[in-house]
Amino acid sequence: MNLNTNFQNIADSYLFSTIAHKVAAFGESHPGAPIIRLGIGDVTLPLAPVVIEAMQQALCEMSVQKSFKGYGPEQGYLFLKEAIHNYYGERKICLNVDEIFISDGAKSDLGNILDLFSVDNTVLVPDPVYPVYVDTNTMAGRKILFMDANEDNGFLPLPDPSIKADVIYLCSPNNPTGAVYDRAGLKAWVDYANENHAVILFDAAYECFIEDENLPRSIFEIEGAQTCAIEFCSFSKMAGFTGTRCGWTIVPLALQSEGMSLNKMWLRRQTTKFNGVPYVVQKGAAAVFSAQGQRQIEESLAYYKENAQVLARTLDELGIWYTGGKNSPYLWLKCPNDMDSWDFFDYLLEKANLVGTPGAGFGKNGNKFFRLTAFGDKAATREAAGRLKKLLG
């Protein structure tokens, strides 16, 4: 047999696996150390009561022959697709229900969507970047170009007319930097994509953290996006589904190339290679969009937003440059004293028992930067802020 040798071109382990090993080794040599984790972006609050109730009710339905559900539609049950349709409609974004596909999370679909594109396509990703964008294309052997996200442009690069790309990854609010594109910035990318016959893969997994009404929460708020963009979103951060797994992808009917509909291609791909999200999970996800569900998840989001404010105020007091913290659960800070990010990781772990994410893990432009997350416990986040002040003040 012949293997896919492109796997030799990616790191042996995922970024967060490397961090986990380093923290575990530190814990073995420092037993009892009060480690606080502000690294991986995993939520810490439980699912909303209305979600649990909906899942319990759905589980009861599965115990009765009359209401039992077997194989479901791979593209998702209509009740959840309609709930998402209405969620966008409240923001005056007009979608067709058939443009909405239910998934087991944005990460999966961001990789799987590549089945629709030739390996000859050139891919454009920001640097620093969420590793999945790079690794999945490297596995397939595609040519990857990097747009320069840096301190000067606020880690929000705009299109360079001299660079020609076929597939463009954008994330706003950005993982890892927390930076958020304004309408003018996204409009520039939409115009670039339409002019160059390219497609934008828009990761909106953190849109629920945007509070500024002047900032777009969806690429489809931008004129022209229906003919050049696919949007990915998730219940993971919106409603704490990191352990339950559910999300959605929007593939517009107007998105076509060479006489082929990407919407129909994605439908064909999903019905062939995806089993769908469990009925019980989808019932819980639909409850998120009820009036009671929206109130309950807003309480959880407010908890994380307060954590972000605590960390942001701390960095302000310390005079440390950063992006994010507002309209985003991530804070992307410049390492003090021009330290390399892995050195700063070791320094924080050793001196303050704090765990963050080294920016170098997201690309060369992240080498002098460091990511903190607001998804931790509130008391632990305040304790972490105090340790940062003591160490760096």
Side-chain angles (χ1 to χ4, degrees), residues 41-63 67-91 93 95-113 175 202-210 217-218 220 230-251 266-267 270-271 274-304 329 375:
D42 195 3
V43 296
T44 51
L45 294 178
L47 295 170
V50 69
V51 171
I52 295 297
E53 183 180 346
M55 288 182 171
Q56 290 174 333
Q57 182 179 349
L59 194 60
C60 289
E61 291 177 30
M62 300 294 276
S63 68
S67 56
F68 172 79
K69 300 290 189 300
Y71 291 130
E74 294 89 346
Q75 66 271 33
Y77 284 97
L78 184 59
F79 63 79
L80 180 53
K81 294 173 63 167
E82 288 181 336
I84 294 171
H85 173 271
N86 294 336
Y87 178 66
Y88 279 81
E90 291 172 358
R91 287 176 276 152
I93 301 173
L95 300 177
N96 187 303
V97 172
D98 290 335
E99 296 176 320
I100 302 169
F101 296 81
I102 307 304
S103 72
D104 59 358
K107 180 179 178 180
S108 298
D109 276 10
L110 281 161
N112 293 332
I113 199 74
N175 180 8
F202 188 75
D203 185 350
Y206 302 94
E207 57 85 20
C208 56
F209 284 89
I210 296 179
R217 294 171 57 179
S218 167
F220 297 119
I230 297 173
E231 181 163 297
F232 306 82
C233 207
S234 170
F235 290 93
S236 288
K237 306 312 183 330
M238 169 196 279
F241 273 54
T242 55
T244 314
R245 310 309 304 151
C246 193
W248 70 88
T249 296
I250 299 172
V251 186
W266 184 240
L267 175 63
Q270 292 298 79
T271 54
F274 182 55
N275 284 325
V277 176
Y279 172 73
V280 173
V281 173
Q282 292 193 54
K283 289 295 285 187
V288 168
F289 297 109
S290 66
Q292 186 178 10
Q294 288 292 290
R295 287 194 298 270
Q296 290 177 1
I297 67 167
E298 277 301 323
E299 292 177 3
S300 295
L301 290 172
Y303 182 99
Y304 298 131
F375 287 117

Legend entry - side chain to side chain contact (heavy atoms under 4.5 Å, CB included) assessment of Tyr77 paired with Lys283: CA-CA 9 Å; Tyr77 284 97; Lys283 289 295 285 187; over 6 Å; no
Inset, instruction - Test Ile113 against Trp266 for side chain to side chain contact (heavy atoms under 4.5 Å, CB included), laying out the working first. - result: CA-CA 7 Å; Ile113 199 74; Trp266 184 240; 3.5 Å; yes
Inset, instruction - Determine, step by step, whether Tyr88 and Glu231 satisfy the side chain to side chain donor-acceptor pair (under 3.5 Å) criterion, reporting the C-alpha distance in whole Å, the side-chain angles of both residues, the deciding distance to 0.1 Å, and the verdict. - result: CA-CA 12 Å; Tyr88 279 81; Glu231 181 163 297; 2.6 Å; yes
Legend entry - Working for side chain to side chain contact (heavy atoms under 4.5 Å, CB included), residues Gln270 and Asp109: CA-CA 10 Å; Gln270 292 298 79; Asp109 276 10; 4.0 Å; yes
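Ile102 is listed as a side-chain neighbour of Ile84, based on a closest heavy-atom distance under 4.5 Å. A heavy-atom distance below 4.5 Å is not found between the side chains of Met55 and Leu59. You'll find the side chain of Phe202 stays beyond 4.5 Å of the side chain of Ile250, heavy atoms only. Between Arg245 and Val281, every side-chain heavy-atom pair lies at or beyond the 4.5 Å cut-off. Contact annotation: the side chain of Glu99 never approaches that of His85 to less than 4.5 Å [non-hydrogen atoms, C-beta and beyond]. You'll find the side chain of Met62 stays beyond 4.5 Å of the side chain of Ser67, heavy atoms only.
Under the 30°/60° scheme for interplanar angles, the aromatic rings of Phe209 and Tyr206 are found to be tilted. The aromatic rings of Phe289 and Tyr87 lie tilted to each other, with the angle between the two planes from 30° to 60°.
Taking every heavy atom of both residues into account, Ala287 and Ala54 meet most closely at CB-CB, 3.7 Å. Summarising the geometry of Ile100 relative to Lys81, their closest heavy-atom pair is O-CE, 2.9 Å, with the distance given to 0.1 Å. Taking both residues in full, the closest heavy atoms of Phe241 and Cys246 are given as CD2-CB, 3.9 Å, listed atom of the first, atom of the second, then distance. In plain terms, the two heavy atoms of Cys208 and Leu301 that are nearest each other are SG-CD2, 3.9 Å. Closest heavy-atom contact between Gln296 and Ala48: OE1-CB, 3.4 Å. Considering all non-hydrogen atoms of both residues, Ala239 and Ile297 come closest at CB-CG2, 4.1 Å.
With rounding to the nearest 0.5 angstrom, the OG atom of Ser218 is 6.0 Å from the CZ atom of Arg91. The CG atom of Asp203 sits 5.0 Å away from atom CG of Leu110, with the distance rounded to the nearest 0.5 Å. Here the OG1 atom belonging to Thr244 is positioned 12.0 Å from the CG atom belonging to Asp104, to the nearest 0.5 angstrom. Atom CD of residue Gln294 and atom CD of residue Glu299 lie 12.0 Å apart, to the nearest 0.5 angstrom. With rounding to the nearest 0.5 Å, the separation of CZ in Phe235 from CG in Leu80 is 5.0 Å. Taking CG of Asn112 as the reference point, atom OG of Ser103 lies at 9.0 Å (rounded to 0.5 Å).
For the pair Thr44 (side chain) and Phe375 (backbone), a donor-acceptor distance under 3.5 Å is present. Within the 3.5 Å criterion, the main-chain N or O of Gly76 finds no donor-acceptor partner in the side chain of Gln282.
Checked against Lys237 for a side chain to side chain contact (heavy atoms under 4.5 Å, CB included), the options Asn175, Asp42, Val43 give a single hit: Val43.
The stretch residues 68-78 participates, sequence neighbours left out, in these salt bridge (charged side-chain N to carboxylate O under 4.0 Å, His left out) pairs: Glu61-Lys69.
In summary, the aromatic rings of Tyr279 and Phe68 are positioned with their centroids too far apart to meet the 6.0 Å limit.
Within 6.0 Å of CG on Asn275 lie no more than 12 heavy atoms contributed by other residues, nucleotides or ligands.
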